[in-house]
Every structure is written in C-alpha cells, then in structure tokens.
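What follows is a structure written as structure tokens; I'll ask about it next.
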Amino acid sequence: MSKKITRREWGKLSLSGVAGLMIAPAFANATIQKPFAGNVIIGVQTYSFRDRDLDAAIKAMHELGLKSCELWQGHVQPREFMWKRDATPDERRQAAEGLKQWYAGLTMDKIEIIRKKINDAGITIQAYNPSFNKNNSDEMFEQNFKIAQALGTDTITTSTTVDQIPRIDPLAQQYKIKVGMHNHAHVEDANQFATPDSFMRGMKGLSDFIRINLDIGHFTAANFDAVDFIKKYHDKIVCLHLKDRKKNQGPGVPFGEGDVPLTEVLHLIRDNNWPVPCNIEYEYDGTDTVAEVKKCIDYCNKALSA
C-alpha cells in the first residue's frame, strides 16, 4: 500500500476492474464481530481497503462484521486507467481517455454484479463515492448517478469543487439521489470544500438533494468544530467520515491519538438518535489494513458503550 497517496489524489485513480469478476467468496467460516453499538451505524469507506481489490475488500468487511459501506470508485473502475503521481503528461492523457471510454461503454449489468457480491456478504451499500471533475463530460457525470442507482443506493458522496455543484444538482434531482459534498482541509482554496462557508456556498440556491459528507478528521485539521457543525446541520449530513488528525493541518493518527472529538461526535449521534451513518476511513500509516480497521471499530464500540 502506498502510504503517501491521499484519497483526494486517488480520486483520479482506479484500482479494481469490473471485467472478470469472480463469484462471491465464501463467508461461512468468517469471524463476525459487532459492527456498531447502540443505534449508531458504524460502516466503512472502502477506500480504507485501497491496498486490495474488490473481492478482498468484501472479504475483509465481512470478517470484521461490517454491515454497511460507502463504496469507493476505486473498487468499481478498472485498474488499467489508474492515474499515478509520477506518470508523464502523455500517460495521464491516455488514462483519462481510457476512463472516458470505459464510462461510455459501461452497462449497468456489470455494476449489478458488484452490488450482488457485496449484498451477498451481508453488506449494504450506503453510498457510492465517485469524483466529479471539471474536465469530465456531462455524460460521465450522469453515468455516476446510473452506477449509484444500479448499486441500490440513494446517496452519492463526492470529492469535487464548489463550482461543479450546479452541474450535479439537476442530475441529483432527476435521479432523486442525495449528493454529499466531501471536505478536505484545503482552506487556502475557496473553490474547495473545507470550511463551513464552503458547504453553505455549495448548497445555496440548489435543491435539497445537495447535502454534506462531513469528514470530521479534515474538518478538525482545518481548525473547525465538528461537534458544533453537526449540531447545526445534522439534517443535511448524509454520512460522516471518521478519522483522527491533529489540528493545524496536522497528520492523520490512530483513533484517540489526535484532536478529533470522535467520542463526542459518536455520543452526539447516539444520544439524539440522528440517522447519520458513521463511516470509518482508515488513512493513517499503520500495519495490516484489516487489523487497523478493527482497531478503529473497537474504538468506536468502546466509545459508544460508555
């Protein structure tokens, strides 16, 4: 696993092809652990399993007892169009063109295979997570809504920019799919979702389908108060991303070692019975991915049991 590539950069990548999917793996001997405590759904952003393909990610989720996931585009799009940081401009153009052609030729029966594999493992797809890039065609934008529909979810989460939301909203209304804008900590760029104001600008004047996917780790690293924001806007949040980071643009760290108010946020969701899924997004430098995600689950269960 590359330790230095962020999910924002991976928004330009693709890790797992649709062609040649195997039959659903056998799960009969998996060790099941409780995936949530109380009434709070603890799911996972499958970017957490970016070091493995879709089948291995499904197996890991099942072994961990996870019942809900936010499906990252890298577990849907084909590997050969993967964008790499050290790629030449020509290689990037070729990858972009290949991905464009993949979108153009994609049929939803291939996506339904993915849905079935995940559902057969006892996992619900809470949201689909593509990126909406300004260089993407309108046809590519729409294909992401068709993919979400074929996956059986009414929710998309996305890393995009404020100026792209007016392109997204008509499709959200057409397909009746909520779109949660995902934030990073890039407060220096007003076109990025990073600040409370950027979320407000992204939703202003648009339909109720345009909502928020709040990453409380990045929000805290940008020195904003996640607890206060959730209290004010919980009815606009389609899901949370759980991670721990230090303030002042600090690094990602294991749960409980940073400045993110993870316990307070989980208690807030629990005590108010708000229907906001909480998806673990493992990004810090750890050891074995499954072991690290298990630590995150255990942290959440302990916090919710208190």
Side-chain angles (χ1 to χ4, degrees), residues 7-8 10-19 21-22 24-25 27 35 41-79 81-82 99 102-103 106-132 140-141 143-160 168 172 175 177-182 211 213 215 238-243 276-283 289-290 293 296-297:
R7 189 169 66 82
R8 183 167 179 261
W10 273 87
K12 302 174 182 177
L13 309 183
S14 52
L15 285 183
S16 176
V18 175
L21 290 174
M22 298 183 294
F27 299 109
I41 295 174
I42 301 298
V44 70
Q45 206 323 335
T46 71
Y47 175 74
S48 301
F49 302 107
R50 59 198 172 276
D51 61 340
R52 59 200 66 202
D53 65 14
L54 177 66
D55 285 313
I58 293 171
K59 183 175 184 294
M61 287 188 285
H62 189 82
E63 289 175 349
L64 289 167
L66 290 159
K67 301 297 184 184
S68 176
C69 78
E70 180 183 345
L71 185 62
W72 170 55
Q73 65 181 0
H75 285 128
V76 174
Q77 297 172 357
R79 178 188 298 272
F81 305 135
M82 184 173 65
L99 189 58
W102 177 80
Y103 269 108
L106 179 64
T107 56
M108 292 305 116
D109 59 313
K110 296 177 180 178
I111 302 303
E112 289 166 2
I113 292 172
I114 293 176
R115 174 183 178 177
K116 186 176 188 303
K117 289 158 68 75
I118 294 173
N119 292 166
D120 283 352
I123 302 164
T124 298
I125 301 171
Q126 181 260 320
Y128 176 53
N129 173 231
S131 294
F132 291 97
M140 291 173 71
F141 270 39
Q143 280 286 60
N144 284 321
F145 282 86
K146 291 179 179 179
I147 291 170
Q149 192 175 60
L151 289 170
T153 180
D154 66 353
T155 304
I156 282 175
T157 60
T158 185
S159 294
T160 188
I168 295 171
Y175 285 89
I177 289 176
K178 301 183 291 286
V179 178
M181 303 166 287
H182 178 269
R211 302 196 185 186
N213 164 216
D215 186 308
V238 298
C239 62
L240 300 176
H241 281 183
L242 304 184
K243 62 168 63 77
V276 180
C278 298
N279 296 330
I280 292 165
E281 186 172 42
Y282 164 57
E283 284 190 321
T289 300
V290 175
V293 174
C296 297
I297 294 171

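These numbers come from the heavy atoms of this one structure, side chains and all, not from hydrogens, waters or symmetry mates. Keep in mind that what you see is a predicted model, and the values were worked out from it rather than measured.
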Note to self: Between I42 and I280, is there a side-chain heavy-atom distance shorter than 4.5 Å?
What the structure shows: yes
Checklist line | Closest approach of I125 to R115 (non-hydrogen atoms, all atoms of both residues) | finding: CD1-CA, 4.1 Å
Note to self: Nearest 0.5 Å, please: how far is CG in N129 from CG in L71?
What the structure shows: 8.5 Å
Check: Sequence neighbours excluded, which residues qualify as ring-ring contact (aromatic ring centres under 6.0 Å, His included) partners of F132?
Finding: F141, F145
Next item on the list: Check whether any side-chain heavy atom of I147 sits under 4.5 Å from a side-chain heavy atom of Y103, and report yes or no.
Entry: yes
Notebook entry, point to check: Do M108 and I111 come within less than 4.5 Å of each other through their side chains, counting heavy atoms only?
Noted result: yes
Check: A127: what forms a side-chain contact (heavy atoms from CB on, under 4.5 Å) with it, not counting sequence neighbours?
Finding: E70, T155, T157
Notebook entry, point to check: What closest approach, in Å, do G122 and K67 show between heavy atoms, and which atom pair accounts for it?
Noted result: O-CD, 3.4 Å
Check: Should V44 and I297 count as side-chain neighbours, where that means a heavy-atom distance under 4.5 Å?
Finding: no
Next item on the list: Measure across V76 and W102 and return the closest heavy-atom pair with its distance rounded to 0.1 Å.
Entry: O-CZ2, 3.8 Å
Check: Distance from N279 atom CG to T46 atom OG1, nearest 0.5 Å?
Finding: 10.0 Å
Check: Should Q143 and M140 count as side-chain neighbours, where that means a heavy-atom distance under 4.5 Å?
Finding: no
Check: Is any side-chain heavy atom of V290 closer than 4.5 Å to a side-chain heavy atom of L64?
Finding: yes
Checklist line | Considering all heavy atoms, the nearest I177-A148 contact | finding: CD1-CB, 3.9 Å
Notebook entry, point to check: What pair of heavy atoms forms the shortest contact from S159 to H182, and how long is it?
Noted result: OG-ND1, 3.6 Å
Next item on the list: Run the salt-bridge test on E63 and K59 with the 4.0 Å N-O cut-off and return the result as yes or no.
Entry: yes
Notebook entry, point to check: Can you tell me how far OG1 of T158 sits from CD of Q73, rounded to the nearest 0.5 angstrom?
Noted result: 8.0 Å
Notebook entry, point to check: Can you check whether D154 reaches K178 side chain to side chain, under 4.5 Å on heavy atoms?
Noted result: yes
Next item on the list: Kindly compute the distance separating CG (N213) from NE2 (H241), expressed to the nearest 0.5 Å.
Entry: 4.0 Å
Next item on the list: Grab the two heavy atoms, one from L242 and one from C278, that are nearest each other, plus how far apart they are.
Entry: CD1-CB, 3.8 Å
Check: At what distance, to the nearest 0.5 angstrom, does CD of Q45 lie from CG of D215?
Finding: 9.5 Å
Next item on the list: Report the distance from atom OH of Y282 to atom CZ of R50, rounding to the nearest 0.5 Å.
Entry: 6.5 Å
Checklist line | Under 3.5 Å: donor-acceptor pair, side chain of N119, backbone of I123 | finding: yes
